[in-house]
Amino acid sequence: MLKEYKTIKEIVGPLMLVEGVSGVKYDELVEITGEDGDFRRGKVLEVKGDKALVQLFEGSHGIKISSAKARFLGRPMELGCSPDMLGRVFDGMGRPKDGGEAIIPHKRYNVNGQPINPVARDYPNEFIQTGISAIDGLNTLVRGQKLPVFSMSGLPHANLAAQIARQAKVLDDSEKFAVVFAAIGITFEEADFFISDFERTGAIDRTVTFVNLANDPAIERIATPRMALTAAEYLAFERNMHVLVIMTDMTNYAEALREVSAARKEVPGRRGYPGYLYTDLASIYERAGRIRGKKGSITEIPILTMPEDDKTHPIPDLTGYITEGQIILSRELYKKGINPPIDVLPSLSRLKDKGIGDGKTRKDHADTMNQLFAAYASGKEAKELEAILGEAALSPMDLKYSAFAEAFEKRYVAQGYDSDRPVDETLNLGWELMRLLPRSELKRVRDEYLDEYYPINEH
């Protein structure tokens, strides 16, 4: 029998204190009914003695303490999952937002997920093709990895997110692939851009979309990534699919967390964020991975805008600790008209070596990747020297490296948002660029690959 209480004592912002409760558990769902039948939902944040602190999802405006009733449902927040979710758009709480019928669930899952036993985890080691050379060629995405994108305000990370969602695939056609897209605290225009793009390109058929708008309650923002990951876990581990989860923008999520923490009068940590920001982000990011004995996998690409373009800000800083690398977007490249403006030198995929090579991409991938990094770094140095001392101060070899860096940015990095390059095309383009340099400079590529891909009669 569900218990109903008329003992609401206090409401502050999205928080409500209910007294005289018994048998109430942390994270339990609550329904609040007003005298006019107004209905809202919340969850238990804290239980102390016979008092329960409830966090409301829709805000507390208009609730009368004297007549409102709180009903504790005895279960945590859940998401009903079914294969019919593919192709659908939901709000941040998992309710249909596309005008379609509600999903008839096969099973209901706790949105906080089930902890994965570390011993049951399988190592990420299979390639995912995004069709973007700067990622596939140099900072490869691997199934089961967590690879965030660090952006800056005003940069086109939305276009990049849509491109990855549209183009990402596994190379084995027999494997089933799906995308779960979580939009967190974005504007209506951005939401419309994503949904229109998915519909225009047909990507929506293999995508589950959760949209939380900037004017939706902050509490809903905290639920959105968990809803998305619950759907991903169902598709990956119950339906044996390889699932790519794209979440944008995690900065809005952390801001919502700070807002709720301030309402609870918690002691703030760095920059006013709660002290548990690290563990909270980890509870989201660590739901990526592969499990032994299960065919499916969950790969995460969280996207966040760095406040004040600061990599040491708590959100990118802690995200970098938890995840396996980062893709960094550059304002300087964006000003040059290079799209997507991926800055390959500070970007890093810590698992890239596990997803490339013979049988996965191509045997020459690792060598060409190392050579392109080295040559681009030398070219950038040459260009900086040229800016300070003038072209006359550069040696003939410096000039070749400078020309290489220019060509690398214009041809390899700048491919636009509609170009879907197979990994072979990306690797061949890398060889074309390396031919701008003499063979003697390609010290990071073994001779057998140079003999095969770099004609001996050149340079």
Q: Would the distance check show the side chain of Thr323 and the main-chain N or O of Thr319 forming a donor-acceptor pair, the cut-off being under 3.5 Å?
A: yes

Q: Is a salt bridge present between Lys336 and Glu409, judged by a nitrogen-to-oxygen distance below 4.0 Å?
A: yes

Q: Can a side-chain donor-acceptor contact be found between Asp317 and Thr312 if the only test is distance below 3.5 angstrom?
A: no

Q: When you look at CZ of Arg331, are more than 12 heavy atoms from neighbouring residues, nucleotides or ligands closer to it than 6.0 Å?
A: yes

Q: I'd like to know if the side chain of Asp358 reaches the main chain of Lys363, judged simply by a donor and an acceptor atom lying under 3.5 Å from each other, with no hydrogens or angles considered.
A: no

Q: Salt-bridged, Glu300 to Arg287, with N to O below 4.0 Å?
A: no

Q: Look at Asp418 together with Arg166 and state whether they make a salt bridge at an N to O cut-off of under 4.0 Å.
A: yes

Q: If the threshold is 4.0 Å, N to carboxylate O, is there a salt bridge linking Glu259 and Arg221?
A: no

Q: Has Arg258 got its NZ or CZ under 6.0 Å from the middle of the six-membered ring of Tyr273, at an angle within 45 degrees of the ring axis?
A: yes

Q: Between the side chains of Ser261 and Glu266, does any donor sit under 3.5 Å from an acceptor?
A: yes

Q: For Asn110 and Glu78, test the side chains for any donor-to-acceptor distance below 3.5 angstrom and give the result as yes or no.
A: no

Q: Quick check against the 3.5 Å criterion: does Glu28 have a side-chain atom that pairs as donor or acceptor with the backbone of Lys43?
A: no

Q: Within the distance-only criterion (no hydrogens, no angle test), does the side chain of Tyr401 pair as donor or acceptor with the backbone N or O of Tyr376 below 3.5 angstrom?
A: no

Q: Answer yes if the side chains of Asn428 and Arg362 hold a donor-acceptor pair under 3.5 Å, and no otherwise.
A: yes

Q: State yes or no: are the ring centers of Phe181 and Phe194 separated by less than 6.0 Å?
A: yes

Q: Could you tell me whether Arg264 and Glu46 make a salt bridge, using a distance below 4.0 angstrom between a side-chain N and a carboxylate O?
A: yes

Q: Answer yes or no: is there a donor N or O on one side and an acceptor on the other, between the side chain of Ser347 and the main chain of Ile328, under 3.5 Å?
A: yes

Q: Check this for me: does any side-chain nitrogen of one of Lys360 and Asp353 sit under 4.0 Å from a carboxylate oxygen of the other?
A: no

Q: Charged N to carboxylate O below 4.0 Å: is that the case for Arg226 and Asp280?
A: yes

Q: With no hydrogens and no angle check, just 3.5 Å: does a side-chain donor-acceptor pair link Asn339 and Tyr334?
A: no

Q: For Arg271, is there an ion pair with Asp310 - N to carboxylate O distance below 4.0 angstrom?
A: yes

Q: Can Glu406 and Lys410 be counted as an ion pair, charged N to O under 4.0 angstrom?
A: yes

Q: More than 12 foreign heavy atoms under 6.0 Å from CD of Glu391: is that the case here?
A: no

Q: Is a side-chain donor-acceptor pair under 3.5 Å present for Thr130 with Asp136?
A: yes

Q: Side chain of Glu324, backbone of Lys146: donor and acceptor closer than 3.5 Å?
A: yes

Q: Is it the case that more than 12 heavy atoms not belonging to Tyr276 sit under 6.0 Å from its OH atom?
A: yes

Q: Are any of the side-chain nitrogens in Asp91 or Lys97 under 4.0 Å away from the carboxylate oxygens of its partner?
A: no

Q: Centre-to-centre under 6.0 Å for His365 and Tyr449, is that the case here?
A: no

Q: Can we say Arg143 and Glu126 salt-bridge, meaning some charged N sits less than 4.0 Å from an Asp/Glu carboxylate O?
A: yes

Q: Could you tell me whether the side chain of Asp343 and the main chain of Ser330 form a donor-acceptor pair under 3.5 Å?
A: no

Q: With a 4.5 Å limit on heavy-atom distance, are the side chains of Val111 and Met227 in contact?
A: yes

Q: With no hydrogens and no angle check, is any side-chain donor or acceptor of Gln415 less than 3.5 Å from a backbone partner on Gly131?
A: yes

Q: Between Lys176 (side chain) and Val243 (backbone), is there a donor-acceptor pair under 3.5 Å?
A: no

Q: Taking atom CD1 of Ile104 as the centre, does the number of heavy atoms from other residues, nucleotides or ligands within less than 6.0 Å exceed 12?
A: no

Q: Please check: side-chain N/O of Asp216 versus main-chain N/O of Leu213, any donor-acceptor pairing under 3.5 Å?
A: yes

